[in-house]
Peer 1: 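I am attaching a structure below and will ask some questions about it afterwards.
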There are 2 protein chains.
Amino acid sequence: MRPTVHDIAASAGVSLATVDRVLNARPGVRAVTRAKVEAAIERLGYVRDVAAANLAKGRIYPLVFIIPQGENPFMRGLEAEVRQVDRVTFDRTSISVVNVPPFDAMALAAAIDTAVEDGAAGIAAVAVDAPEVVEAIDRALEQGVAFVTLVSDLASSKRDHFCGVDNVAAGRTAGSLMARFLGDREGPVAVLAGSMLVRDHSERLSGFRAVMADAGRGRHVLDVLEGQDDPVRARALVSRYLAKFPGLAGIYSLGAGNAGLVAALEAAGRPGLCVIAHELTPPTRAGLESGIVDAVLHQDAGHEVRSAIRVLRAKADGVKPVAAQERIRIDIFIRENLPPPDPETGTARAGEG
Amino acid sequence: MRPTVHDIAASAGVSLATVDRVLNARPGVRAVTRAKVEAAIERLGYVRDVAAANLAKGRIYPLVFIIPQGENPFMRGLEAEVRQVDRVTFDRTSISVVNVPPFDAMALAAAIDTAVEDGAAGIAAVAVDAPEVVEAIDRALEQGVAFVTLVSDLASSKRDHFCGVDNVAAGRTAGSLMARFLGDREGPVAVLAGSMLVRDHSERLSGFRAVMADAGRGRHVLDVLEGQDDPVRARALVSRYLAKFPGLAGIYSLGAGNAGLVAALEAAGRPGLCVIAHELTPPTRAGLESGIVDAVLHQDAGHEVRSAIRVLRAKADGVKPVAAQERIRIDIFIRENLPPPDPETGTARAGEG
DNA sequence: CTGAAAGCGCTTACAG
DNA sequence: CTGAAAGCGCTTACAG
C-alpha cells in the first residue's frame, strides 16, 4: 500500500496535524520537527492523495469564463465545452460563463471587475488588445484572483498563463500549406480577418505574411479585409475582392467570418482558389466536405477549457503550476482526417487527456 | 451545497446503507424502499461524488499495458507515457508494463494469459493480427478482465474498445497530401511498412492505395517494402528502391523504420522526393526540421494511454462506458506547426484533456 | 430486507 | 509549537 499521512506521522513520531502543516508548508512548526517530517516523507516516498485532500477541504472554486457573445461558431463551441465540463463536475469547481460583446475592450474590462467583485477564485477570458483590459487583468491579479487568457493572449498583462495556440506559428503553417498547395500557380492571395484588435488575428497575419514573403520569389498579399467576424460583412468584402482581383490565387481566412466566405465563393461559382481557414466549425466543416475549403487550422476548444481550469485551480490552490507547461496544438484538417463532430458541443474533439 | 447521501437518506427516511444499495444497484432492497430512495435522488438532484466513492472503496485497479519491445521510437514514447501517468498516480490505479517481441503473436497471447493469471483488472495491448491473439483476448474477457486494443486494433476479437486512430483514414490522409504536394509531378510512389501482420499498417496501406488510384489519372504505387520497423533493414530496402526507380516521386512510410528511411535519403544526396511518414518521433522530427520529410501523420500516445485507462477503469467499475466514445485524432504536422518535444517522455504532446 | 458504526486519506478548528 | 478529535462524501462489513 502507498504510505499515508498516518504512516509518516508514525514514522516521524508526530501527530497528523503536524504532518499536514509540513505537507502544506503552513507556518508554526519548529525547524527540527519539520526536518523529521520531511525525512519521513522522503524515506517512505509519500505522495499526497489529491482527491482525498480536496474532499477534506470541502473547498469549492468559483471560476468565471468570459467569452464573446454573438454567432461566432468557434466561441459558441468554446462556451459549450465550458458548460459541458461544468456538467461533468470537474471536482469541486463551480463554473459560470459571462458573455460580452466581441472586440469591446471596455465591456471586457468591466466584466473582469465584476467577476472579481463577485468573488471569483479564477477568471479565464478571451482577451482584447487594449490598455483598459491590461489594467483590469492586473487589478484582478492584485486581488489574488488567478487569471488566464484564453484563445487570444495579452502578454503585456501579468496574466498567469495563456491557454491557446501559438498564433504566429499558426499563420506560418497556413502560409506554408498555401505555398505548397499553390505550387507554381501565379497570383496574389487575400486575407480575411475579424479585427486587428485581437492578438490572435494580428499574430496569424504576421506569421502568414512572413512565409508568403519567402515563398518562391515572393507572393503578393493583398490588403487585409476586416469583417468583424460577421458573416454578412465578410461575404460582401470577399465578393468585392473576387470581382476586383480576377487573378486571385488563394484566400486565407484567419478569423470567424467563414460562413460569409463560403457563401461568397459559392455565389462566384466556386472559382478554383486555394482556401485555408481557421477553426473546425459547421461552416468550415461543410467547406472541407464540399471541396471549397482546402485545409482548416484548428485549436481544440475542449483542451483549452480544461487546461484553463487546471491552471486556474493550481494557482488558486497555490500549487506549483506544473500545468502551465501545457501547450495547445495547432491541428491541421483536410477532408480525409476530419474527425466526427461532437454531438454534445458541436466542436471537434479528440480523446481528451 | 450539493446534496449528499446523508441528505437523500434523511429525505427518504432510510439509512445510509440503503441509499448506497440503491445508488449502486445492489440487491436486497424492497421495491417500495427503492422507490422512496429513487424519488429522493430525483427530487434533490443528487449526483454522486466519484472521488469520495473511490476513496471509500479503497479499491485499486491493477492495469497491464502490453507493448512491443525494441527500438521503435513510437512504442518507446508510448511506454514513457504509461510510466508517466503512473507516476502522476491516476487515482487508485496501479499500472504495470509488459514488453513483448514485436510482430510475435504467440508471445503476445502468452503475455495476455499471464496478465490475467496475475489478477489484472484490465489489459491494454498493441494487437498483432492472429487467431492466437484473438483467442487470448476472448479468454481474458471471459474471466471478466477488461480489454482494450491500443494503436493497432483487432476487431475480430471481443475487445471492449480500440484506443487508436482510424488507420484507413490515416492512409487516405497521407494519400491526399501526397497527391496535393506532388501536383503535376510524374512518377510512381513507394511505400515502406513494418509488417502486414499488424492491422494499423495494413489499414494505412489500403487507405493510401485507394486515394492514389483516384488521383488524377492514377498514380502507380510500387510493391510495399516490409522493413519490420528495423532501421537497418528499412535503410537497405529504401536504398535499393532509390537505385532501381530513378523516377520515384514520393515515399510513404507508414511504419516505424524512419531512421533508416532518412539515412537512405541522406546517403542518396536528398533526392527531391515527397516524403510522408508516421508518428512524430526523433527521426521524423529531425526529418521535418531538415526538410527531408514533408509531413508527418501522428497519433497522440498520451491521449491513447489515458483514454485506455479511462475505458478500462469504467469497465472494471461496471460503469457505463461513456468514455468509449473517445476518438483519437489523426494529427498532421509540417515544419511550421511542430510542437515542442515533451521533456518527460520525448513524445509530442498537447495540453491534455 | 434494513441500519449503526467504522473507515478511506486528508484537513480543520480547537485545546493545550 | 504541537496534538486529539471530528468531519469531507461515500462504502463496507457486521448485526439484527
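Note that these values count all heavy atoms, side chains included, but never hydrogens, waters or copies made by symmetry. Letters A, B, ... are given to chains in the order of the sequence lines, protein chains preceding strands, and every chain is numbered from 1.
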Peer 1: Whole angstroms only, please: what is the CD1-C1' distance between B:Ile8 and D:dT11?
Peer 2: 14 Å

Peer 1: By a strict heavy-atom criterion of less than 4.0 Å, which residues belonging to residues 32-39 of chain A are in contact with DNA chain C?
Peer 2: none

Peer 1: Grab the CG-P distance between A:Leu16 and C:dC10 for me, whole Å please.
Peer 2: 10 Å

Peer 1: Would you call B:Arg76 and B:Glu79 a salt bridge, using N to O less than 4.0 angstrom?
Peer 2: yes

Peer 1: Between B:Ala56 and B:Arg30, which residue's closest nucleotide on DNA chain C lies nearer the 5′ terminus?
Peer 2: B:Arg30

Peer 1: Heavy atoms only, 4.0 Å cut-off, all strands: where does B:Arg48 land among base, sugar-phosphate and nothing?
Peer 2: sugar-phosphate

Peer 1: Could you check whether B:Asp138 pairs with B:Arg159 (Lys NZ or Arg NE/NH1/NH2 to Asp/Glu carboxylate O, under 4.0 Å)?
Peer 2: no

Peer 1: Any luck finding a side-chain donor-acceptor pair between B:Asp153 and B:Thr149 under 3.5 Å?
Peer 2: yes

Peer 1: Respond yes when some side-chain nitrogen or oxygen of A:Arg26 is under 4.0 Å from OP1 or OP2 of C:dT12, and no when none is.
Peer 2: yes

Peer 1: Checking all strands, does A:Asp20 fall into the base, sugar-phosphate, or nothing category for heavy-atom contacts under 4.0 angstrom?
Peer 2: base

Peer 1: Contact class for B:Ala53 vs. all strands (heavy atom < 4.0 Å): base, sugar-phosphate, or nothing?
Peer 2: sugar-phosphate

Peer 1: Tell me: CG of B:Leu44 to P of D:dC10, nearest whole Å?
Peer 2: 12 Å

Peer 1: Salt-bridge test for A:Asp113 and A:Arg139: reply yes if a basic N is under 4.0 Å from a carboxylate O, no otherwise.
Peer 2: yes

Peer 1: For a quick check of understanding: with a heavy-atom distance under 4.0 Å over all strands, which category does B:Val5 fall into, base, sugar-phosphate or nothing?
Peer 2: base

Peer 1: Could you grab the distance from atom CG of A:Leu150 to atom CD1 of A:Ile123, nearest 0.5 Å is fine?
Peer 2: 12.5 Å

Peer 1: Mind checking B:Val14 for me? I need base, sugar-phosphate or nothing, with any heavy atom below 4.0 Å counting as a touch.
Peer 2: sugar-phosphate

Peer 1: For C:dT12, take OP1 and OP2 only and decide whether either is under 4.0 Å from a side-chain N or O of A:Arg21.
Peer 2: no

